[in-house]
There are 2 protein chains.
Amino acid sequence: MDPSQVTIPPLKDLTIDNITENVILINSLCQDARMKYVLERLVSHLHDFARETRLSSDEWMAGIQFLTATGKICTDVRQEFILLSDVLGLSLLVDSINHPKPANSTEGTVLGPFHTHEAPTLSQGDSISHDPAGEPLLVVCSVRDTQGLPVTGVKIDIWETDSTGHYDVQHADREGPDGRCVMRSDAAGKFWFRAIKPVPYPIPHDGPVGQLLKKLHRHPYRPSHMHFMFEKEGYDHLITSLYLRNDPYETSDAVFGVKDTLVVDLGRVDGALAAQYGIAEGAWLMTYDFVLVTERETADLRAFNSKVALDKLGRKVRIENGLPIPDLD
Amino acid sequence: MDPSQVTIPPLKDLTIDNITENVILINSLCQDARMKYVLERLVSHLHDFARETRLSSDEWMAGIQFLTATGKICTDVRQEFILLSDVLGLSLLVDSINHPKPANSTEGTVLGPFHTHEAPTLSQGDSISHDPAGEPLLVVCSVRDTQGLPVTGVKIDIWETDSTGHYDVQHADREGPDGRCVMRSDAAGKFWFRAIKPVPYPIPHDGPVGQLLKKLHRHPYRPSHMHFMFEKEGYDHLITSLYLRNDPYETSDAVFGVKDTLVVDLGRVDGALAAQYGIAEGAWLMTYDFVLVTERETADLRAFNSKVALDKLGRKVRIENGLPIPDLD
């Protein structure tokens, strides 16, 4: 850019006390009002963090190296920055902001870093897991709207670990997807499949995030759960999980995902169900009725909640394209 | 860790409003009071940032991808996270916090990502640059303490770009270090060397940080400067640069490093100097008297400033090992 085109006041002799306003000033050349607001808040918080901690040069460098190592360990099948966001509670927070749930709808929870787009499309009754060491589980669910009507043809992603607590992508020698599938709800809004009983497992802790947890004296375990993701046009994308009651990590999930409404009691498949679903009597049984919210209702609720929360913080904003920007009028 | 050893209250049903206190609670298992404080402030600011912007899931994912790409592009000779810290003003802020300067001492400025430990040790009068296209420059400096006494045997790292505005490490085909050296101040506290006249240059902008600057409508240029780093036991590590007056980017440095006391006017080598230093008459001349501060004086000033600043913010802290931690008594 031609320096003569720079329209901001001269930036020089910046200090602990005036650096923030000046960085915000130069960033305000940005033409995108939403990005400008996000950057303004980012820079303010980043600088306040350094000022309030009087961050030392060594700590700053440790942070640089931590972030670099976190990026370096990421691969197509390992997302360490999502893991970092998860263990800092940011993922749960962002999900809660973006997918507000009216009463009586199914709550969302963290996506986690193990969803992939490489999953087989299966039919009702198929098995998503091929781990012979897993304890057989029959899952029978329905998908309804907030009026109680069945939602048909919903695309449902389902994923879980094997009996050792590892997702398929965590095995270096894997030959293809396992423990995951995509299926659709039927004409009655139902879907059912065979799987294995979820087990608790540690999130990957051989990398920077694991080292951080260790320094914080935190364990890396997640309670036993199965992931579900629901997509259908007109409905808010629902990312959630079902957790097994009385798991040893039920109240200390490393990524803060457990919600009481998502905790289930497993039953046992009786003779009638065994005959109906073609599975051995005595297998574990998990049932759940998921309730989706329309996109419109979610968008309205999200905008309303944003306005209320930001008003409470004394920030004068207006909602544009569903997101707040400063209201300068 | 044995889940029965977890001493924190049950964490479940976390929401937009209570996630922060609960993440801080679980992190408080950390045995290191300073790390606990740093994490508490980090989590508070990270969450407030998400709450104040009502960060969207797409923006969150864009952030994850940006950080991942920033890590991925880092190599032994490219540190994109330092560059990010630089363009967000964090580097200047952290330097200012850690290296407070009493009046009449030389101010510090950003280190930047181009210092390396692979630089030849040169003697007085040697040339640090082998770029035939550069305009010859004689640099004659002294190092003194705040009493005006010469400081001898100081280890001085010096680095600058070539005449095209690139550091040696930015050339894929480089054969070894160039445009940089390590030398020592002599018995009179002086040091002098031959170099080339610094030129303005863009920071590397072919990566994520460059894309960010573009979206912010900011140019990536740094005004012409030469880097200096001074180390001697007992003295505060001084990381600084000298800037050329009237550079087109003097007041819009992409990394906020320019300070008036570090801006110099170049002169010309006259006949007497040419004879004294064995350089052609008419070459550019840069002179500067650097003033170092003792480590002790800096530590005291840093602790004092921290206490004053945090008192002003209403944070009750005590200084331990030179750094603030909450004072709970």
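Per chain, numbering begins at 1; letters A, B, ... match sequence-line order. These numbers come from a predicted model, not from an experiment.
The two residues L29(B) and R218(A) come nearest to each other via the heavy atoms CD1-CG, 4.5 Å. Closest heavy-atom contact between D13(B) and D260(A): OD1-N, 2.7 Å. V94(B) and A50(A) make their closest contact through CG2-CB, 4.5 Å (heavy atoms, listed as atom of the first residue, atom of the second, distance). Contact detail for H47(B) and L88(A): the closest heavy-atom pair is NE2-O, 2.7 Å. For the residue pair T68(A) and F81(B), the shortest heavy atom distance occurs at OG1-CD1, 3.5 Å.
For chain B, the option among L93(A), L42(A), N305(A), I325(A) with the highest count of heavy-atom pairs below 4.5 Å is L93(A). Ranked by heavy-atom pairs under 4.5 Å with chain A, the first of K259(B), E52(B), K214(B) is E52(B). Highest contact tally toward chain A, considering only P10(B), C30(B), G71(B), is held by C30(B) [criterion: heavy-atom pairs under 4.5 Å]. Chain A forms the most heavy-atom pairs under 4.5 Å with one residue out of D17(B), L262(B), V43(B), V38(B), and that residue is V38(B). Ranking G322(B), S91(B), G63(B), S57(B) against chain A, the residue ahead of the rest is S57(B), based on heavy-atom pairs under 4.5 Å. Between chain B and the options V87(A), T15(A), I82(A), heavy-atom pairs under 4.5 Å are most frequent for I82(A).
Taking CG from L212(A) and CG from N27(B), the interatomic distance works out to 7.5 Å, rounded to the nearest 0.5 Å. In this structure, L216(B) CG and I26(A) CD1 are separated by 9.0 Å, a value rounded to the nearest 0.5 Å. Remark: N98(A) CG to D58(B) CG distance equals 8.0 Å, nearest 0.5 Å. Residue L14(B) holds its CG atom at 7.5 Å from CZ of F256(A), rounded to the nearest 0.5 Å.
Of the possible polar contacts, one joining the K72(B) side chain to the C74(A) backbone as a donor-acceptor pair under 3.5 Å is found.
R34(A) is linked by a side-chain hydrogen bond (donor to acceptor under 3.5 Å, both in side chains) to E59(B), counting only residues two or more places apart in sequence or in another chain. Here H205(B) pairs with nothing under the side-chain hydrogen bond (donor to acceptor under 3.5 Å, both in side chains) rule; sequence neighbours left out.
Only the side chain of I19(A) comes within less than 4.5 Å of a heavy atom in chain B; its backbone stays farther off. Residue D95(B) does not touch chain A at all, counting heavy-atom pairs closer than 4.5 Å. Contact annotation for H99(A): only side-chain heavy atoms (C-beta onward) come within less than 4.5 Å of a heavy atom of chain B. Using a 4.5 Å cut-off between heavy atoms, S85(B) contacts chain A through its side chain alone, with no backbone atom that close. No part of D32(B) comes within reach of chain A, as not one of its non-hydrogen atoms sits under 4.5 angstrom from that chain. For a residue to count as touching a neighbouring chain, one of its non-hydrogen atoms must lie under 4.5 Å from one of that chain's; by this rule L55(B) touches chain A with backbone and side chain alike. For R41(B), the parts sitting under 4.5 Å from any heavy atom of chain A are the backbone and the side chain alike. With a 4.5 angstrom heavy-atom cutoff, L111(A) does not touch chain B via any of its atoms. Contacts between L313(B) and chain A at a heavy-atom distance below 4.5 Å involve the side chain alone, from C-beta outward. Heavy atoms of Q79(B) lying under 4.5 Å from chain A belong exclusively to its side chain. For chain B, the nearby part of L92(A) is the side chain; its heavy atoms alone come within less than 4.5 Å. If you measure heavy-atom distances from L46(A) to chain B, the contacts under 4.5 Å come from both the backbone and the side chain.
In summary, of the residues considered (N321(B), L323(B), I97(B)), a side-chain contact (heavy atoms from CB on, under 4.5 Å) with S56(A) occurs for L323(B) alone.
In this structure, H45(B) and F49(A) have perpendicular ring planes: the angle between them is above 60°, well past the 30° mark.
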